[in-house]
Number of protein chains: 2
Amino acid sequence: MDFEITAKDVLGRICRLDTPHGRIETPAVLPVINPNIPFIPPKKMRDFGAQALITNAYIIYRTSRREVMAKGVHGLLEVDLPIMTDSGSYQLMLYGDVDVSNREILEFQRKIGSDFIIPLDIPTPPDADFETAKKDLEITIGREREAKELKGESLLVLPIQGSTHAELRRESALRAKEIGGDVYAIGAVVPLMDAYRFSDLARIILEVRSVLRVEPIHLFGCGHPMVFALAVALGCDLFDSAAYALYAKDDRYLTVYGTKKLSELQYFPCSCPNCSKMEPEEVRELEKGEREIFLAEHNLYVTFSEIRTIKNAIKENSLFELVEKRIRAHPNLLSAWRQIKDYLPLLESSDPRIKKKFLYCGIETLYRPAVRRHLESLKEVEFEKEKLVISTDFGIPADVYLRPAFGPVPVELLECYPSGHAEIPEAEFVEKEALEMAVENLREFMVSLKGKKFVVHVSGRWKEFVKDLPEDCEYVLH
Amino acid sequence: MDFEITAKDVLGRICRLDTPHGRIETPAVLPVINPNIPFIPPKKMRDFGAQALITNAYIIYRTSRREVMAKGVHGLLEVDLPIMTDSGSYQLMLYGDVDVSNREILEFQRKIGSDFIIPLDIPTPPDADFETAKKDLEITIGREREAKELKGESLLVLPIQGSTHAELRRESALRAKEIGGDVYAIGAVVPLMDAYRFSDLARIILEVRSVLRVEPIHLFGCGHPMVFALAVALGCDLFDSAAYALYAKDDRYLTVYGTKKLSELQYFPCSCPNCSKMEPEEVRELEKGEREIFLAEHNLYVTFSEIRTIKNAIKENSLFELVEKRIRAHPNLLSAWRQIKDYLPLLESSDPRIKKKFLYCGIETLYRPAVRRHLESLKEVEFEKEKLVISTDFGIPADVYLRPAFGPVPVELLECYPSGHAEIPEAEFVEKEALEMAVENLREFMVSLKGKKFVVHVSGRWKEFVKDLPEDCEYVLH
């Protein structure tokens with residue numbers, strides 16, 4: 001088996017992926033190497049944390065065919081890391097046409113020893129009409145079938161297309177899965193990211209992930225560390241980054257919270273080796289070439305440290321907490337993430353049942369499976385008493401305490417996950433939704449215990465929210 | 001003038017502070033140097049970003065008096081950075097007594113050439129009863145008066161005490177200000193930070209800042225980067241960090257989102273030079289001394305990169321956005337920060353009126369002065385029409401659009417700060433509070449325009465919220 005999940009959190013995971021040139025541990029970012037403009041030497045990429053690279057077979061085919069046929073793609077780039085080769089599909093998107101057939105470019109990729117080969121899929125742009133997207137998709141699927149026959153020893157990457165049509169993305173994923181690839185790559189999403197249309201991006205990932213529950217998913221063209229945590233938490237495993245170089249050439253600086261212009265930076269908001277030793281003013285004074293390398297290196301440091309941060313969060317099961325911070329980079333990321341409320345069964349199917357901590361960050365915290373599972377665990381508690389004392393205040397002896405988000409927490413569950421491990425702001429400082437959900441859960445809980453009587457002690461801000469509870473309920477206000 | 005504010009944001013600022021050993025730019029962190037255990041050489045501190053150091057005059061007094069009288073404190077530490085000297089007040093807190101008088105330790109600090117001297121204040125712990133705190137405070141103030149006479153060429157740091165009593169903290173600040181110091185240092189808050197009592201910490205800072213609107217404020221014993229952004233945004237300028245070393249000795253690793261144990265880290269969530277070149281597993285295998293230095297260096301890198309991040313945020317007026325991310329490190333930080341709703345006039349007195357961006361992060365965003373100021377700017381718009389069209393949907397031609405948080409935005413303000421620069425999640429994904437505030441602001445706006453008629457187009461989720469508007473209002477639901 002060349003793909004194995006070793007750790008899981010949210011819809012994300014850490015996996016081992018074996019390639020002809022060795023093992024990759026995902027989530028991983030593949031820096032894009034332009035074969036003709038060796039900006040940062042490919043072999044240096046390992047020092048930043050790269051485990052694999054991606055380069056463009058179509059450019060090599062057009063410019064260095066003879067050389068690469070002799071040396072192979074690893075010889076050409078002088079590196080022994082696993083290499084993925086793109087097919088020219090990107091050029092197809094940019095220029096509308098390429099000068100090679102699917103079969104030619106696939107055979108070429110195989111012959112030059114690419115570890116991951118990609119057919120010449122049709123990158124239908126966002127907002128294409130359904131018919132166009134469907135027609136393009138049929139061509140893509142035909143080419144994927146051809147790729148399956150031609151793959152040889154290489155791993156096969158099957159692109160997922162379908163524009164912004166959820167139904168087509170699902171169909172694309174399903175039919176690719178039937179063909180059977182080694183990696184599935186969500187394509188043609190760069191225009192969405194460029195326009196900060198993160199909601200559309202997230203929905204596409206979620207739709208694909210609904211179909212591909214286990215298989216490795218690559219997010220084509222996503223190289224901005226601002227998006228990695230969200231994308232991994234929604235189920236992506238692989239990324240590629242031209243951003244590190246493109247942004248550097250444009251004097252831009254990547255951070256996990258967005259892009260900064262070098263011209264506007266007064267201090268480097270980063271601890272990387274470059275940013276710890278120079279100041280923005282000094283870097284602005286470097287000549288263009290040196291400045292580009294400085295920025296590209298910074299961009300790589302921040303890219304790979306974000307990947308490590310995400311992996312560590314998966315290992316300690318704090319990926320929800322990490323994402324809920326990262327999405328504060330831009331309100332469109334907040335909206336994007338909050339769509340998970342439409343995918344709760346999918347989330348529950350993957351997210352671990354027990355974690356060490358539960359830290360509340362905002363209303364999106366309410367969608368975590370732990371909150372729903374708490375409600376289920378309530379059903380297992382039995383109460384002998386006829387009259388239950390419920391309190392919003394831990395200072396009052398009670399059988400059940402009311403907590404924001406979770407709602408009723410019987411004394412016997414107080415130390416259990418999640419409630420016993422949960423840190424939530426006090427009622428005075430928490431979002432209304434967290435209090436309303438708590439009261440709604442309390443109401444359901446009381447209904448499920450029909451026949452019992454209840455005394456409910458309500459203090460502080462809870463008074464605005466605790467009302468309209470079932471009958472047989474006596475309120476004591478504090 | 002030896003203190004000058006050069007940039008402001010929220011209640012934070014960037015300042016120049018001149019000392020006998022040169023200029024410091026605040027916000028700044030002073031690493032604590034233990035004079036007897038040279039862990040990381042003081043002169044190396046500059047490489048990490050330190051502009052000044054702090055050491056303990058009492059320990060030097062007891063262990064190296066002769067040497068330091070000959071060499072001065074800069075000679076003893078072999079460094080020419082500005083040095084602050086603590087008086088033994090910390091030892092007073094730990095052991096209940098010290099073996100030196102206020103006058104002795106002050107004269108000693110002056111003689112050894114300390115740049116910042118501190119009297120032997122009484123560090124009353126949190127939750128002390130009012131009488132004790134008040135009595136301690138009187139002693140502290142007496143000692144501060146004595147210090148004022150003895151300060152010589154040194155800068156004078158006046159501690160602010162008063163335990164968790166807001167009233168006493170204000171009194172302490174006021175009376176210290178009357179005495180006149182160069183820096184004011186909020187003391188005895190370490191137990192609050194150790195217990196994650198960030199609400200109490202924030203309230204103390206806000207109370208002190210209400211009195212000391214301009215003067216530089218040091219937060220004694222605060223060396224965890226998790227707290228810096230919040231503390232700066234509430235008005236602190238200086239910090240000292242023993243944490244970098246203490247945590248390292250305990251195999252703990254600082255991050256801006258909390259502390260990690262080295263034993264639990266699988267990947268380093270950091271881009272610093274140390275974390276970019278080794279993995280946790282390798283560091284765990286180092287011998288104790290090397291491991292401590294590795295961790296202490298990492299802790300310093302992250303400490304100073306966080307200070308740069310904060311300074312850059314002040315310069316670009318995005319400190320609100322930074323804090324609203326950082327407080328997601330722990331729900332107690334969320335609660336702590338959300339107390340600013342009780343200090344809005346103070347916030348408005350300091351926060352710049354115009355910024356480049358307004359990014360919504362959560363309900364705490366609603367407390368930003370920009371939202372209140374938008375309401376004021378509404379009063380300046382004049383409408384000639386008798387009937388105004390208001391819409392929640394930008395697709396419908398209208399005179400006024402309704403936006404979450406801000407509420408009514410007349411067409412002529414659509415491009416102006418803040419609304420024109422604001423990114424806010426769509427109504428479907430934003431917190432209820434943001435919609436309720438918008439509708440409340442709309443209601444006020446309509447009342448202020450009495451005599452006019454209104455047509456209000458309401459779409460999507462807004463329908464739950466747009467209701468009970470003044471008369472002369474026709475609703476159109478979409």
Side-chain angles (χ1 to χ4, degrees), chain A residues 7 47-49 196 199 257 260 264-273 275-277 280 298 301-302 304-313 315-316 321-322 324-326 328-332 334-339 359-363 422-426 428-433 436, chain B residues 7 47-49 196 199 257 260 264-273 275-277 280 298 301-302 304-313 315-316 321-322 324-326 328-332 334-339 359-363 422-426 428-433 436:
Chain A
D47 299 342
F48 293 98
Y196 278 49
S199 283
Y257 290 117
K260 308 275 184 190
E264 290 173 358
L265 279 174
Q266 305 277 334
Y267 307 88
F268 284 131
C270 173
S271 66
C272 86
C275 296
S276 294
K277 87 189 163 220
H298 157 79
Y301 280 122
V302 71
F304 288 103
S305 77
E306 181 63 356
I307 292 295
R308 290 196 299 272
T309 302
I310 292 165
K311 286 165 108 172
N312 198 62
K315 282 280 192 183
E316 63 177 28
E321 281 84 355
L322 178 66
E324 293 174 12
K325 283 163 200 136
R326 293 296 191 247
R328 262 85 195 172
H330 196 281
N332 292 0
L334 265 184
S335 296
W337 179 250
R338 287 176 178 175
Q339 292 176 114
L359 301 183
Y360 180 95
C361 289
I363 59 170
E423 304 274 357
I424 308 176
E426 317 141 59
E428 191 188 342
F429 296 109
V430 84
E431 286 79 357
K432 279 189 171 183
E433 284 89 338
E436 287 174 355
Chain B
D47 300 341
F48 293 98
Y196 277 48
S199 283
Y257 290 118
K260 308 273 186 193
E264 290 173 358
L265 280 172
Q266 306 276 334
Y267 306 88
F268 283 131
C270 173
S271 66
C272 87
C275 296
S276 293
K277 91 191 158 214
H298 156 80
Y301 280 121
V302 71
F304 288 104
S305 78
E306 180 63 356
I307 291 295
R308 290 196 299 272
T309 302
I310 292 167
K311 285 165 105 172
N312 199 62
K315 282 281 193 184
E316 64 177 27
E321 280 84 353
L322 178 65
E324 292 173 11
K325 283 164 201 135
R326 292 298 190 244
R328 262 94 194 163
H330 196 279
N332 291 1
L334 265 185
S335 296
W337 179 251
R338 289 176 178 176
Q339 292 176 112
L359 301 182
Y360 180 95
C361 290
I363 58 169
E423 304 274 357
I424 307 177
E426 316 140 59
E428 191 188 341
F429 295 109
V430 83
E431 287 79 357
K432 280 189 169 182
E433 283 89 338
E436 287 174 354

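First the proteins, then the strands, lettered A, B, ... as listed; each starts at 1. Being a predicted model, the structure only gives us computed values, none of them experimental.
The shortest side-chain heavy-atom distance between B:Glu433 and A:Glu433 falls under the 4.5 Å cut-off.
Nearest heavy-atom pair across A:Glu324 and B:Arg328 is O-CG, 4.4 Å. Smallest separation of non-hydrogen atoms from B:Ser199 and A:Glu426: OG-OE2, 4.1 Å. Here the closest heavy-atom approach between residue A:Cys270 and residue B:Thr309 is recorded as N-OG1, 4.1 Å.
The most heavy-atom pairs under 4.5 Å with chain A, out of B:Tyr301, B:Tyr257, B:Tyr360, B:Phe268, come from B:Tyr257. With chain A as the partner, the residue from B:Gly362, B:Pro273, B:Ser271, B:Pro269 showing the most heavy-atom pairs under 4.5 Å is B:Ser271. For the options A:Ile310, A:Leu334, A:Leu322, A:Asn332, heavy-atom pairs under 4.5 Å to chain B are most numerous at A:Leu334.
Between the CD atom of A:Glu423 and the NE2 atom of B:His330 there is a distance of 3.5 Å, given to the nearest 0.5 Å. Atom CZ of A:Arg308 is separated from atom CD of B:Gln266 by 14.0 Å, given to the nearest 0.5 angstrom. Distance check, rounded to the nearest 0.5 Å: CG of A:Asp47 to OG of B:Ser276 gives 10.5 Å. Rounded to the nearest 0.5 Å, atoms OG (A:Ser335) and CZ (B:Phe429) are 6.0 Å apart.
Heavy atoms of B:Lys277 lying under 4.5 Å from chain A are absent altogether. With a 4.5 Å cut-off on non-hydrogen atoms, A:Leu265 touches chain B through its backbone and its side chain both. Contact of A:Glu431 with chain B is made through backbone and side chain together, with heavy-atom distances under 4.5 Å. For chain A, the nearby parts of B:Lys311 are the backbone and the side chain; heavy atoms of each come within less than 4.5 Å. Residue A:Lys315 touches chain B through its side chain alone, counting heavy-atom pairs closer than 4.5 Å. Using a 4.5 Å cut-off between heavy atoms, B:Glu306 makes no contact with chain A at all.
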Next item on the list: Start with the C-alpha distance between A:Cys275 and B:Ser305, add both sets of side-chain angles, then the distance that settles side chain to side chain contact (heavy atoms under 4.5 Å, CB included), and finish with yes or no.
Entry: CA-CA 8 Å; A:Cys275 296; B:Ser305 78; over 6 Å; no

